[in-house]
Amino acid sequence: MSNPTEQETPIVMKLEQNRKLMNERIGVNTSFDVGFRSITILGHEINLYYVTGLCDTSYIIQILRQLNELDDENQGKDEAFQSIHDELVHQQVELTQSIDTSITRILSGLIVIFVEGASEAFIIDVRSYPGRTPKEPDTEKVIRGSRDGYTENIVENTALTRRRIRDERLRFEMLQVGKRSKTDICIAYINDIVDPGIVKLIKEEMKNIDTDGLSMADKSVEEFLVRQGYNPFPLVRYTERPDVASAHLFEGHVLIMVDTSPSMIITPTTYFHHVQHAEEYRQSPMVGSFVRWVRFIGILFSVFLLPLWMLFVVNPELLPESLSFIGPTEESTIPIIIQLLIADLGLEMLRIAAIHTPTPLSTAMGLIAAVLVGQIAIDVGMFVPEVILYIALAAIGSYSTPSYELSVANKMARVGLVLFTAIFGLPGFVVGSTAYVLLLARTKSLSTPYLWPFLPFNGKALMQVLIRMSVPLSKIRPSIVHPQNNRRKG
């Protein structure tokens, strides 16, 4: 039972006064989707409120039928409320003394029943949110593995997680954030593994969010949680796969679920959390390690390939005789640095266009990009062939990065490195690369070093990052999350 606070409006025993207040605040007879029914049960008037698009109509009909079947003989005024309470056949019924709580529940998809002569109201959960069925996320596909994924329904998401972790110590704590949106946010963790300090910190940050609404759901929560500022590198990890989220819960991480978003926030995370993929754990350890190293090479290509080539263009004397073939073999009227910037930013435009292009037109857009933009630009002498080659290799490295947020941050770092190298040559490349590493080294996510286990150095943990260990050999949980129980033995 929830009790009204000093700021909340209490429910009074006069039903007409409650009805007048409810009509004013939620727009009964103004908003077409706000439903209202007034019936008489056991000689007492009953008012029922709901939002049509968020409730299961069949449950409402069933509840009304049960109330109408109540016998009104020998029922006094003081017995009506209790009789109705006993006849509400539903698994989730609570009482409230607050008008504000009642309104929040109605707008969340529950129904609220006021009874004449009672200072409490019934809240019944009959939510049926519009949404899609769980399916494999487009951004985290695997060859072998489950095909279900999180949806925009927070209740379904907790069920998908609970299905994989049947532990009585798994906790789902619900909060509401946003003075107007009142967005449901669920904090998930395993009680005897997680560091209580991390849970306390996240709860405090959630409660301190002062805004009218979270229109962008999980992304808005992230910006309040980690206060990223102008640092482009992702400080939390997103996943839409229940198996990935469950694996992190077993390690001692905290999961943040935001209603209306299929992406779960995993905290705390490091740089190396963003370069791993579920596919590595769906293959044998050797194959998983091979796939991981190929991905690492792709990520290095996405950051350093273009600046390195730019360095050899600016300082060809740095190339050994055996690698003298590297570099532009054709003359061009446009400087190489301008070609690189145009091609790199043009490729980013094509990626953005692909997102906004309807599927039937995407093939045509690909042909335009490959034939008209690429080949004809070389034929007319706008680009030298090497520019297209190295831009393509860097783009493949970006697309092989599991985290989309990290791939975009690396692209920004790559453009900066190319500019530094073109302007200052070898010193620019060295200083720019050092600045890139120092930025990562000084970054922290919820007091967690971003480059752990490389900085601060942890040899055993770094070995598990470089080589995919088999599950029987992975007996120790990552120390960076400070788990209460650091051994994977239950």
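The residues of the chain are indexed from 1 along the displayed sequence.
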Test log, rule side-chain hydrogen bond (donor to acceptor under 3.5 Å, both in side chains), inputs N410 and T401 = CA-CA 10 Å; N410 281 338; T401 306; 5.0 Å; no
Before giving the answer on side chain to side chain contact (heavy atoms under 4.5 Å, CB included), spell out for Q92 and I123 the whole-Å C-alpha distance, their side-chain angles and the decisive distance to 0.1 Å.
-> CA-CA 8 Å; Q92 199 163 348; I123 298 176; over 6 Å; no
Value for CD1 (I391) from CG (L306), rounded to nearest 0.5 Å, stands at 4.5 Å
Sub-4.5 Å side-chain heavy-atom contact between F429 and V314 = no
Under the 3.5 angstrom rule, does the side chain of S403 hit a backbone N or O of L406 as a donor-acceptor pair?
-> yes
When the ring planes of Y450 and Y271 are compared, do they come out parallel, tilted or perpendicular, using 30° and 60° as the limits?
-> perpendicular
Whether over 12 other heavy atoms sit under 6.0 Å from F454 CZ = no
Non-hydrogen atoms of E405 and P234 that approach each other most closely = CB-CB, 3.8 Å
Carefully, step by step, assess R477 and R488 under the rule side chain to side chain contact (heavy atoms under 4.5 Å, CB included).
-> CA-CA 7 Å; R477 293 187 174 94; R488 298 175 183 268; 3.9 Å; yes
Within the side chain of S261, is there an N or O that forms a donor-acceptor pair under 3.5 Å with the backbone of M257?
-> no
Run the numbers on Q176 and D184 for side-chain hydrogen bond (donor to acceptor under 3.5 Å, both in side chains), then give the verdict.
-> CA-CA 5 Å; Q176 284 191 333; D184 290 326; 3.1 Å; yes
Between W293 and F296, how do the two ring planes meet: parallel, tilted or perpendicular, split at 30° and 60°?
-> perpendicular
Check whether more than 12 heavy atoms from other residues, nucleotides or ligands sit under 6.0 Å from atom CD of E168, and answer yes or no.
-> yes
Return yes if some donor-acceptor pair links the side-chain N/O of T443 with the main-chain N/O of P449 below 3.5 Å, else return no.
-> no
Counting heavy atoms not belonging to I143, are there more than 12 under 6.0 Å from its CD1?
-> no
N/O donor-acceptor pair under 3.5 Å between K475 side chain and P472 backbone = no
Side chain to side chain contact (heavy atoms under 4.5 Å, CB included) evaluation trace for V471 with Y281 | CA-CA 9 Å; V471 175; Y281 295 89; 5.8 Å; no
Find out whether E223 and M216 are in side-chain contact, i.e. whether some heavy atom of one side chain is under 4.5 Å from a heavy atom of the other.
-> no
Side chain proximity check, F224 to D210, heavy atoms < 4.5 angstrom | no
Does M174 CE have over 12 foreign heavy atoms under 6.0 Å away?
-> yes
Is any side-chain heavy atom of H277 closer than 4.5 Å to a side-chain heavy atom of V244?
-> no
Of all heavy-atom pairs between R468 and S284, which one has the smallest distance, and what is that distance?
-> NH2-C, 3.8 Å
Are R25 and D100 within salt-bridge range, i.e. N to O under 4.0 Å?
-> yes
What do the steps show when you test E140 against T239 for side-chain hydrogen bond (donor to acceptor under 3.5 Å, both in side chains), and what is the final call?
-> CA-CA 8 Å; E140 296 179 274; T239 185; 3.0 Å; yes
Residue pair R237 / H253, side-chain heavy-atom distance below 4.5 Å | no
SB check E348 R351 (cutoff 4.0 Å) | yes
Mind listing the closest non-hydrogen atom pair of Q339 and V384 along with its distance?
-> OE1-N, 3.0 Å
Inspect the contact between E152 and R132 and indicate whether a charged nitrogen and a carboxylate oxygen are less than 4.0 angstrom apart.
-> yes
Any side-chain heavy atom of V313 within less than 4.5 Å of one from E386?
-> no
What distance do S445 atom OG and F233 atom CZ have between them, rounded to the nearest 0.5 Å?
-> 14.0 Å
Minimum heavy-atom separation for N315 to G425, with atom names?
-> OD1-CA, 3.9 Å
Show the numbers, then the answer: is there a side-chain hydrogen bond (donor to acceptor under 3.5 Å, both in side chains) between S302 and Y399?
-> CA-CA 9 Å; S302 70; Y399 296 147; over 6 Å; no
When rounded to the nearest 0.5 angstrom, what is the spacing between CD1 in I193 and CG in D195?
-> 12.5 Å
Return yes if some donor-acceptor pair links the side-chain N/O of H248 with the main-chain N/O of A245 below 3.5 Å, else return no.
-> no
Derivation of the side chain to side chain contact (heavy atoms under 4.5 Å, CB included) call for I337 and L419 | CA-CA 8 Å; I337 179 60; L419 288 174; 4.2 Å; yes
Which distance, rounded to the nearest 0.5 Å, do you find between the OG of S146 and the CZ of R164?
-> 4.5 Å
Say you draw a straight line from CD1 of I467 to CE of M286; how long is it, rounded to the nearest 0.5 Å?
-> 8.5 Å
L340 backbone acceptor or donor facing D344 side chain under 3.5 Å | no
Heavy-atom distance under 4.5 Å between the side chains of I256 and D218, does that happen here?
-> no
Just by modelled atom types, is the T133 backbone N or O under 3.5 Å from a matching donor or acceptor in the T151 side chain?
-> no
Nearest-0.5 Å distance, CG of residue D259 to CG of residue N153 | 6.5 Å
Quick one: closest heavy-atom pair of S102 and S98, and the distance?
-> OG-O, 2.8 Å
Scanning both residues in full, the closest heavy-atom pair of I106 with I26 reads CD1-CD1, 4.4 Å
Is the closest basic N to carboxylate O distance between E205 and R227 below 4.0 Å?
-> yes
Would you say R127 and L110 make side-chain contact, with heavy atoms under 4.5 Å?
-> yes
Flag, side chain of R414 to backbone of L305, donor-acceptor distance under 3.5 Å | no
Any salt bridge between R282 and E279, counting N to O under 4.0 Å?
-> no
For the residue pair Y436 and F304, categorise the inter-ring angle as parallel (less than 30°), tilted (30 to 60°) or perpendicular (more than 60°).
-> perpendicular
